[in-house]
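Encoded as structure tokens, the structure appears first; notes follow it.
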Amino acid sequence: MASLEFKYSADQEHQTAAVEAVCNLFRGQEFMASGFTAGTFGGLYSSQVVVGHANGLRVSARQLEENLHAVQEENSLPRTSVTTDGRLRDFSVEMETGTGKTYVYIRTIYELNKRYGLTKFVIVVPSVAIREGVKKSFESTRKHFEGLYDRTPLEFFVYDSKDMGPVGNFATSAAIQVMIINIGAFNKELASDEKKGTVNIFHRPSERLIGGRSPQELVSACNPIVIIDEPQSVDNTAKAKAAMRSLNPLFVLRYSATHKEPYNKVYQLGPVDAFQRNLVKGIVVDSVLSQEDMNGAYVRLESADMKNGYKAKVTIDCRQKDGSQKRKKVTVKTGDDLYMKSGENADYEDGWVVSNIGAVPGEEFVEFVNGEYLEVGDALGDVAALAVKEAQIARTIEDHLECQLRLYKLGIKVLSLFFIDKVEKYRVYEPEVHNGEYAEIFERKYREIATSKKWQRRYERAGLPLPTDPAGLHQGYFARDGKGKFKDSREGASTTADTSAFELIMKKKETLVSFPDGKDPDKDVAFIFSHSALKEGWDNPNVFQICTLVETNDTLTKRQKIGRGLRLPVNQDGERSYDPDVNVLTVIANESYERFASDLQTEFERDGYRFGIIAPESFTRLVFRNPDGSEEDLGFDRSEEVYEALKAEGLVTETGEVVPELKELAEAGSIELPGELQQVADQVASVILRKSQKLQIKDKSKQVEVELEKDVTEDPAFQELWERIRQTTRFEMDIDSDALVEKAIAEIALMPKVKPLEVISSKASLDVGDAGVSTAGDVRTSVVTTDVSRVYDLPDPISELQDAVGLTRRTIFRILEGCGRMDEFRIDPMTFLSQVAAKIEAAKVEVMARGIKYTRLPESDWYTMDILAVEDLTAFLDQNAWEPAHHKSLYNYVVYDSSSVEKPYAMALDQSEAVKVFAKLPSKFKIDTPLGSYNPDWAYVEDVDGKQRVYFVTETKGGGNGTPVLRPSERAKIECAQKHFEALDLGDDFTYNVETTYHYMQI
């Protein structure tokens, strides 16, 4: 069997949008291949000059700022013009963890090269974990991008101070060069450096490089595009920012889910959007709790310090006035008696007097007269805590077996991850090697659960293997010391020993998601124990359960925990699953669902994400219809008018918070706006409702099984409905070229005028230091007026547009000939062509739907009832599932995406006496269109006075008056679906439409 390879999709909308946002920043900029003298080699009389290749750019500051604002408006972001060293240099992309951030910036590298010829890139990362992850991503995506970009050569390497060869090649190669480097490799001083004493190797002249130059000198001469991965952890100090300047970046692109300094944000995919669009796994919390055991002496050391003398903070059980006990934190010093501190709790009479306190950071402890000794996080007498940990391990095993039972038939291997804080809890080496406490509990509980009749019978009925020996099923991924033994990773994890842990995790990512084959023992591993210090930069797409077993102060945030398992899973063919019913991450927590959800929400807000907030730019992408019938984006200015109108009515606070009354108006479709803005009121309501939604975290205790209602499927009304809608078609295209040309010309007439380039003069002082040459103080810029016109080797516009829009040369020629704007092509060819291509694409979408023809397929190709069956589909009552009361639904629970639109719609169908049967259609039910497959939402049957009418609702959209505004691509898909049904000739009693609410219609 061939080894598993991850497959990548080239048309993920959120990823291509992020790539476009960056590339569109530079429309109209004049990039040039630039050369420099890298050095010489040869003898005294025959030295040969070595030429280096650099990124070059003649930049128009005005156009760059205009491009920035256009991109920000297109992505509903605030307008900014934040400069670095006096110029627009830094741009930020925000993408939620697990949505393909690394894929996006690697693809951006290829795209910037394709469009502008840029070849030199430096990726700066904060840690070994992220460095190894980036390296692995380049390796696993190589084949994908070679196919996507016609085998364009790209060379990448991890900077290694012991090997200068790749650095020299970086400077002299004309191919795309990518250097991956830790910020620590070039922003730290090396005091032990005998040659120079103050500067690390990256800034030190080297005889191993051309001309004896330093790596910094060669890299900075290339004017690289610098990509910062997790900038909040990279250039967060003055020294780090100086190190970044030493790279002499042409531009800096910053990628993270949690920007501390957003600079100029050009794309944003926040956590709510990522979860709502099913771009990451949904989150379920399985709470494992116990009551506190107040029997016996309980002592836990929380902290120790010597700020005001040696003191420690401990948690003990204190006696209350009514004789009950309450667990409290108290501060103690040497000589303190816990019997007195606890209110004379008799449990502490036996020598619980503090004899010694240690407060050295990392080595804090407290010792008692009775010989008991605790380090920070240790607890004595905590029987309940140990019971909870054992229960967490058991629940993780149960959830794992349940998940694997469901997903095996889909070819998806399930992994479970345990976070621990001490290696000794997993593996002990003295006096001999043996399992630690958690490994022992795991093996005992796994053997007990897997050999039970319950699981043996379930797996046997499904025909699936269920191993009963746990020894080979679990593995630890930790750093190793010089003897190969596991060791605790430090915070940040950047040592050579830590590197081994990350390399193992990254290099075996594909192996871990492969089904066991009896040959490679690593494929047997399904339960992973790892270190809580490994915060970010690594994950595995098939982690479906995460359990945290941490005794010390837990520095791993909930967002970092779930981040290790949010990525969408892959099957044995390396293909990702996009089914939200499959893509669910269960967190086994020793706290309540409510507490977990609240804390996670707080973390998102602390990271800068604001829930329930709108801003002046929130409505820029809404569709506005002009008096002549043409449509365009609402734009920033009109979006700001909407925002100010809502604020003037007291519906939005000064900080942009949506007040409850505005949410109620949005739900009722009753928002009122001044003048011509009223036409977008329903769209504004949709934005308000989306922005008002909280992060959806589901409660495991409310999980329900969704099943097909057989009584409903046998109902004559449903049988009649099913016979109608199960028919399938194929389509053929017959595009009206004249209509396409006419529409494209009309669209091009509306595009912004292409402006000439500015010439900019910049003045700055230079600072020459150990870290290299950098600017000192602000850079002063001014526009220089000249009479010189630019001379281009003009590209062939027809060939360029052919590649972009896929039309014939004759059709493109007719469009360009008729548009009347070819004089702007010479002013700025790339800006002109990119704008024209966008307008042609918009015209294509509209004309395409008109020229499609559907033909009904033979009955052998129609859908069968099997497509309606659900197997082990789980949902969560009152969170994304509702239980109908009148037994008319195709399923026992209706699973909805929106509580403000779909749930009320389902309730209305269930309550209507006229509706005999209704179905929320499964995702497998699709109509093919040239714009991609389309999944209708609902089907139902009304019966009035013995007459039946079948209704087919393609989509329930937000709004309030039943006529939602659709984007051109949405409208085109719906028009294609309409023609699909027309081809089926379903009769006058069949109605096909788009609705926001259910309306009973008298026949």
Side-chain angles (χ1 to χ4, degrees), residues 2-9 12 15 95 97-110 121-148 154-160 163 166 176-183 185 227-230 233-234 255-257 280 413 415 417 475 477-480 489 493-494 496-514 520 522-523 525 528 530-531 534-543 560 563-570 574-576:
S3 58
L4 187 150
E5 290 185 10
F6 290 147
K7 294 184 174 65
Y8 296 88
S9 173
Q12 292 295 295
Q15 294 175 344
M95 295 183 69
T97 300
T99 58
K101 165 173 60 72
T102 309
Y103 173 93
V104 163
Y105 66 65
I106 294 176
R107 184 164 178 175
T108 299
I109 289 172
Y110 278 97
F121 299 87
V122 175
I123 299 174
V124 185
V125 299
S127 67
V128 171
I130 296 178
R131 188 193 74 193
E132 293 302 314
V134 172
K135 178 185 174 185
K136 179 65 177 180
S137 293
F138 271 98
E139 292 169 350
S140 61
T141 59
R142 181 187 292 277
K143 186 181 295 185
H144 169 75
F145 285 124
E146 283 181 349
L148 204 57
L154 179 148
E155 299 172 0
F156 66 91
F157 67 98
V158 171
Y159 170 75
D160 183 352
D163 182 9
I176 304 176
Q177 290 288 316
V178 181
M179 180 173 75
I180 309 165
I181 186 171
N182 288 44
I183 182 63
I227 294 171
I228 306 182
D229 197 325
E230 307 295 352
S233 302
V234 171
Y255 292 80
S256 179
V280 293
K413 180 183 172 183
L415 301 175
L417 172 63
Q475 183 56 268
Y477 290 92
F478 309 96
R480 297 176 185 268
S489 291
S494 59
T496 302
D498 294 313
T499 303
S500 65
F502 295 118
E503 286 179 340
L504 188 59
I505 291 170
M506 295 304 175
K507 288 180 178 178
K508 295 203 171 184
K509 185 178 287 189
E510 291 91 344
T511 301
L512 284 172
V513 301
S514 298
D520 186 346
D522 286 320
K523 292 182 179 180
V525 175
I528 302 167
S530 194
H531 206 290
L534 310 189
K535 291 184 175 181
E536 56 192 10
W538 70 273
D539 58 23
N540 190 292
N542 286 19
V543 169
Q560 288 165 334
R564 307 290 66 81
L566 283 182
R567 200 171 300 278
L568 299 184
V570 299
E575 297 167 339
R576 293 205 182 273

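FYI, side chains are in, hydrogens and waters are out, and symmetry mates aren't considered; it's all heavy atoms of this structure. Numbering of residues begins at 1 and proceeds along the displayed sequence.
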### Message
Once side chain to side chain contact (heavy atoms under 4.5 Å, CB included) is applied, do any residues pair with Gln15, and if so which ones, sequence neighbours excluded?
### Response
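In terms of side chain to side chain contact (heavy atoms under 4.5 Å, CB included), with neighbours along the sequence ignored, Gln15 is linked to Gln12, Tyr103, Val104.
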#### Entry: Asp522: partners by side chain to side chain contact (heavy atoms under 4.5 Å, CB included), with sequence neighbours left out
Lys508, Thr511, Asp520
### Message
Set out, in order, the CA-CA distance, both residues' side-chain angles and the distance that settles side-chain contact (heavy atoms from CB on, under 4.5 Å) for Val178 and Ile123, then state yes or no.
### Response
CA-CA 7 Å; Val178 181; Ile123 299 174; 3.6 Å; yes
One thing to verify: whether [Y] and [X] come together as a salt bridge, which I'm taking to mean a side-chain N less than 4.0 angstrom from a carboxylate O.
X	Y	result
Arg131	Asp229	no
Lys523	Glu510	no
Lys101	Glu230	yes

To the nearest 0.5 Å, what is the distance between [atom1] ([X]) and [atom2] ([Y])?
X	Y	atom1	atom2	answer
Ile130	Asn182	CD1	CG	9.5 Å
Ile180	Phe157	CD1	CZ	8.5 Å
Phe6	His144	CZ	NE2	14.0 Å
Arg142	Ile106	CZ	CD1	10.5 Å

## Note on the structure
The salt bridge (charged side-chain N to carboxylate O under 4.0 Å, His left out) partners of Glu575 (sequence neighbours excluded) come to none
### Task
Could you list the residues that satisfy salt bridge (charged side-chain N to carboxylate O under 4.0 Å, His left out) with Arg567, not counting sequence neighbours?
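Applying salt bridge (charged side-chain N to carboxylate O under 4.0 Å, His left out) to Arg567 gives Asp539.
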#### Entry: ring pair (Phe, Tyr, Trp, His ring centres under 6.0 Å) involving Phe156 - partner list, sequence neighbours excluded
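Phe156 satisfies ring pair (Phe, Tyr, Trp, His ring centres under 6.0 Å) with Phe138 only.
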#### Entry: With Tyr255 via ring pair (Phe, Tyr, Trp, His ring centres under 6.0 Å) - residues at least two apart
Tyr105
### Message
Tell me whether Lys143 at atom NZ has more than 12 heavy atoms from other residues, nucleotides or ligands lying less than 6.0 Å away.
### Response
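Not buried by this count: 12 neighbours or fewer within 6.0 Å.
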Where is the tightest heavy-atom contact between [X] and [Y], given as atom of each residue plus distance?
X	Y	answer
Leu568	Arg576	O-NH1, 2.5 Å
Leu415	Val525	CD2-O, 3.7 Å
Ser530	Leu417	CB-CD1, 4.0 Å
Val234	Val125	CG2-C, 3.8 Å
Val570	Asn542	N-OD1, 2.9 Å

### Query
Hey, does the side chain of Thr99 reach the backbone of Met95 with a donor-acceptor pair shorter than 3.5 angstrom?
no
### Query
Is the side chain of Lys413 donor-acceptor paired with the backbone N or O of Leu512 at a distance under 3.5 Å, no angle test?
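Pair found, side chain donor or acceptor close to backbone of Leu512.
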### Query
Do Met179 and Phe121 have side-chain heavy atoms sitting under 4.5 Å apart?
no
#### Entry: Heavy-atom check, side chain of Ile109 versus side chain of Leu154, under 4.5 Å
yes
### Query
Is there a side-chain contact (heavy atoms from CB on, under 4.5 Å) between Val122 and Tyr159 once you walk through the steps?
CA-CA 10 Å; Val122 175; Tyr159 170 75; over 6 Å; no
